[in-house]
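What follows is one structure encoded as structure tokens, with my remarks underneath.
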Amino acid sequence: MKLRSRVPELVAATARETRSALEYYRERIRVLNPRLNAFITPVDPQAHPATGAPGTRRLAGLPIAHKDLFVTRGIPTTCGSRMLAGFVPPYDACVVERLDLAGCTLIGKTNMDEFAMGSSNETSAFGPVRNPWNLERVPGGSSGGSAAAVAAGLVPVATGTDTGGSIRQPAALCGITGIKPSYGRVSRFGMIAFASSMDQAGVLARSAEDAAWVLREMAGHDPRDSTSVGLPVPDYVAALTRGVRGLRIGIVQNFFDEGLWPAVADRIREALSVLEAAGAQLIDITLPHLSLSVPVYYVLAPAECSSNLARYDGIRYGHRARDPVDLTDLYCRSRSEGFGAEVQRRILIGTYVLSHGYYDAYYLKAQRVRRLIRNDFLKAFESVDLLAGPTTPTPAFRLGEKTADPLTMYLNDIYTIGVNLAGLPALSVPAGLVEGLPVGLQLIGRDFDEETLFAAAADFQGRTDWHRAEPPGFEEGSG
Ligand code: GLN
């Protein structure tokens, strides 16, 4: 049986051969995951069966993996941290619940950077994930397990979250498609919080078409998340056939800076000329404050994380140190033992920028610059329908290459973070190989206009084959 990655085909195949898709992917996880470490917890399909009434299940039988940041009832949820080792949630995240209702079957919880802080999956307490394109390279992060699993054909689709690039960057580095919807499009209920004003759930898949099928089920208002919007969810699958003809696409000049590898720039320019040949109009755009995205993010995200992670005190939540001598010792040791170095670094920075005397100089100033960055995007969207550029400055780097220098690691998100600060939807599609490693084209849309992203990405994928490229050694079809 040659099961391809297309969700509609899998759903149709499941209607004929019940359980075959599940067995096929579970077997691939068993055989191939040891090379990748993409899963923290493989899940027996019986453990978390689909719940929807048969007639309403638009994704009946579709195997899915969830980033281990979505809480799953009865199934361990670690967020990549020792702090939550042994935590078995008593409820499901909204995303999990909705995909269950749509007929998806959970087959695993994927590895991730600890509390979603990282760009390489190396901050996970459960060991790094390897990139299926080259096992000595990182898959990107923080949704690196989801990206590696989809790229290697261990699962057709997976969920992820994106606070500063964590869906788009690993999708780009693993050669798959990843969409971060607009802030507020998908409920954050049951997503373990990192930086609440930017965290957003999305999909990692082979193609825009697959992602559209899954996002259509995940999205929509949820009264349990006060930041989820009341807008109706458009039919993203219907949007796939709209095409790019007549669209004005702004090429973000700031992204073609000195940090971008020339060979990556070449792949992106080739991809843009495909869109131009398909009838899109390319327009140069400059976003004056975009260069401030990384510094602004690394004030705001740590500030929010220091507050969100205060709940893990060894009493109300999480790992508890043994034999404390007093309360301070209990707090200090529980948090020092439970959190890894990167999480501790972020909590320290966040506590500092929020402290009396520094709040105005750092936190408030960063909030103001955040508004300027969003205004730049809004201004650009007065004259274009989409923005485009590379997703990352380089292809996947080596394991260990950037771990000693957090600043170099932070700079890997330079093209993705502005979008989170502005709350916009964005997507990454495979745009070719550089030195045998995938690179991604990033498209950015107007607020709540995921449809135009899907339209452009599907048109591009109708004209290119990069999303069909499979990492050597992980080709599907032999199952
Ligand atoms: N790499 C960024 C960080 O470490 C973004 C992570 C994310 O999007 N969750 O904060």
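For this chain, numbers begin at 1 and follow the sequence in order. All values derive from a computational prediction rather than experimental measurement. In listed order, ligands and their atoms are each counted from 1.
I29 and I107 get closest at one heavy-atom pair: CD1-CD1, 3.7 Å.
For the residue pair S119/Q169, the side-chain donor-acceptor check at 3.5 Å is not satisfied.
Close to ligand 1: Y298, with a non-hydrogen atom less than 4.0 angstrom away. Residue R346 places a heavy atom less than 4.0 Å from ligand 1. The closest approach between A301 and ligand 1 stays at or above 4.0 Å for every heavy atom of the residue.
Here is the list of ligand 1 atoms found below 4.0 Å of a heavy atom in G165: 8 (O). Counting the atoms of ligand 1 from 1 in the order shown, those under 4.0 Å from a heavy atom of F194 are 9 (N), 10 (O). Listed by number with element, the atoms of ligand 1 under 4.0 Å from a non-hydrogen atom of A116 are 6 (C), 7 (C), 9 (N). For ligand 1, the atoms lying closer than 4.0 Å to a non-hydrogen atom of M117 are 4 (O). Remark: ligand 1 atoms within the under-4.0 Å shell around heavy atoms of G164 are 5 (C), 7 (C), 8 (O).
Only one option out of D413, D162, D199 pairs with N420 in a side-chain hydrogen bond (donor to acceptor under 3.5 Å, both in side chains); it is D162.
Residues L62 and P156 are in side-chain contact: their nearest non-hydrogen atoms beyond the backbone lie under 4.5 Å apart.
Remark: minimum distance from atom 6 (C) of ligand 1 to any protein heavy atom is reached at S166 OG, 2.9 Å. Protein heavy atom closest to atom 10 (O) of ligand 1, with residue, atom name and distance, is Y297 OH, 2.6 Å.
Residue-level proximity to ligand 1 for Y410 is absent, since no heavy atom of it falls below 4.0 angstrom. Contacts with ligand 1 closer than 4.0 Å are made by side-chain heavy atoms of S142 only, the backbone lying farther away.
By the 30° and 60° cut-offs, the orientation of the rings of Y358 relative to Y362 is tilted.
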Original post:
When you look at F115 and F339, which way does the ring-ring contact (aromatic ring centres under 6.0 Å, His included) test go after all the steps?
Top reply: CA-CA 9 Å; F115 284 99; F339 290 136; 5.8 Å; yes

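Of the possible donor and acceptor atoms, one in the side chain of R28 sits under 3.5 Å from a partner among the backbone N and O of A152. For D113 (side chain) and T123 (main-chain N/O), a donor-acceptor pair under 3.5 Å exists by modelled atom type.
For R224, the side-chain hydrogen bond (donor to acceptor under 3.5 Å, both in side chains) criterion is met by E97, D222, not counting sequence neighbours.
For atom 2 (C) of ligand 1, the nearest non-hydrogen atom from the set N420, I167, D413 comes from D413.
Any N or O atom pair closer than 3.5 Å counts here, and K67 shares no such pair with ligand 1.
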